[in-house]
Protein chains: 2
Amino acid sequence: MGTGQTVGHPDDADLTRADSLAREIFSGVANKWALLIINALADRTLRFTEVRTAVDGISHKMLTQTLRGLERDGVVHRTVYATVPPRVEYRLTEAGEGLLATVDGMCAWTHRYLAEIEAARSRFDARS
Amino acid sequence: MGTGQTVGHPDDADLTRADSLAREIFSGVANKWALLIINALADRTLRFTEVRTAVDGISHKMLTQTLRGLERDGVVHRTVYATVPPRVEYRLTEAGEGLLATVDGMCAWTHRYLAEIEAARSRFDARS
DNA sequence: CAGTATCCTTCGAGATACTG
DNA sequence: CAGTATCTCGAAGGATACTG
């Protein structure tokens, strides 16, 4: 993957210049809505509307759209109950659980550095 | 943070409904260019142009823009050498290193599930 | 309730040109 | 080389309305 100039990483977790499929998948998943949805599905199965509430701020459209993408990539599983009114449930697949670990890491990081980041911003904004 | 309906997470790594600053920071960092840049700076200090090459696909504008954001949040450190021609180097801060772990996780995840995702896509696309 | 479709606006982001 | 400044366009994304 690296072209030879990528040294230092024993096991290659590098994505700069990686093949296009890997890049595409990474890019598709590296967006806030996707990650926020995964985070919301962390430990429970949720219905469409519940996800919408949990993620809050997301529009109806973005929700379906992102959910479709995640379903297509096998990150979330979609179960439709043929009742009326319809009931659709979303839950993480095994791959989704794998990603969740990462998302948790980002959340933890955010909280861990919250204060420092705020301070850094003040400093940065001060000299401008 | 959770409102009480968020059960199951012993330590709260939840961001749904989190306070706006946390959400904003998370959102700022949860984008592919930021993560790709952090990934590129994994183990080396890079100059502006080198980052551009490493990340490839990123435009000049997005690079400066994203780099500024990361600098502002204290994720990357920017060193300017008053030479001519100018020389500017970027490296991860401690906070940046912290995020790197997460990014590495996402890269690893991508590679780990690459085949499965490809298969999932075929299945999904087949029935449509 | 879950989802699709449509319209319409905003702004993300590329291209280009210019400065220190 | 590194960076800012414009201009421009296309797509992302919100609001609304309609269907099974």
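Residue numbers start from 1 in every chain, and the chains themselves are labelled A, B, ... in the order their sequence lines are given, proteins ahead of strands.
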Task: Nearest-angstrom distance from the residue atom NE2 of B/H60 to P of C/dG14 - done: 12 Å
Open item on the list: Count I, L, V, M, F, W, Y as connected when their side-chain heavy atoms are under 4.5 Å apart, and connections chain through other members. Are A/L114 and B/V75 then in the same cluster?
Closed with: yes
TODO: Take B/T49 and B/K61, find for each the nucleotide of DNA chain D with the closest heavy atom, and name the residue whose nucleotide sits nearer the 5' end.
DONE: B/T49
Task: Interatomic distance, B/L67 CG vs D/dT4 C1' [rounded to whole Å] - done: 14 Å
TODO: Calculate the interatomic distance between A/L36 atom CG and D/dG13 atom C1'; express it in whole Å.
DONE: 16 Å
Task: Residue A/R47, side-chain atoms from C-beta onward, closest of D/dA2, D/dG13, C/dC1 - done: C/dC1
Task: Distance below 4.0 Å between B/Y90 side-chain N/O and D/dG3 OP1 or OP2 - done: yes
Task: Rounded interatomic separation in angstrom, taking CZ from A/R68 and C1' from C/dT4 - done: 10 Å
Open item on the list: Quick check against the 3.5 Å criterion: does B/T64 have a side-chain atom that pairs as donor or acceptor with the backbone of B/K61?
Closed with: yes
Task: Heavy-atom side-chain proximity of B/R23 to A/K32 below 4.5 angstrom - done: no
- [ ] Could you check how far CE of A/M62 sits from P of C/dT9, rounded to whole Å?
- [x] 20 Å
Open item on the list: Membership question, hydrophobic clusters at under 4.5 Å side-chain separation (ILVMFWY): are A/F124 and B/V80 in the same one?
Closed with: no
Open item on the list: What is the distance, to the nearest angstrom, from the CD1 atom on A/I58 to the P atom on C/dG3?
Closed with: 13 Å
Open item on the list: Measure NZ/A/K32 against P/D/dA12 and give the value in whole Å, please.
Closed with: 15 Å
TODO: Determine: side-chain N/O of B/R78 to OP1/OP2 of D/dA2, distance under 4.0 Å, yes or no.
DONE: no
Task: Nearest to side-chain heavy atoms of A/F48, which nucleotide of C/dG3, D/dG3, D/dG13 - done: C/dG3
- [ ] May I have the distance from B/L63 (atom CG) to C/dA13 (atom P), rounded to whole angstrom?
- [x] 13 Å
Open item on the list: Closest-nucleotide mapping onto DNA chain C: is A/T64 or A/P85 further toward the 5' terminus? I mean the 5' end.
Closed with: A/P85
Open item on the list: Take N1-N3 plus N6-O4 or O6-N4 for Watson-Crick, N1-O2 plus O6-N3 for G-U, both under 3.5 Å. Which runs of 3 or more such pairs involve DNA chain C?
Closed with: C:1-20 with D:1-20
Open item on the list: If you apply the rule salt bridge (charged side-chain N to carboxylate O under 4.0 Å, His left out), what do you find for A/R127 with B/E71, and how did you get there?
Closed with: CA-CA 13 Å; A/R127 45 160 246 262; B/E71 186 195 355; 3.4 Å; yes
Open item on the list: Let me confirm one number: the CG-CD distance from B/D73 to A/E116, rounded to the nearest 0.5 Å.
Closed with: 12.0 Å
Open item on the list: Are B/L36 and A/L21 connected into the same hydrophobic cluster when the rule is that any two of I, L, V, M, F, W, Y join if their side-chain heavy atoms are below 4.5 Å apart?
Closed with: yes
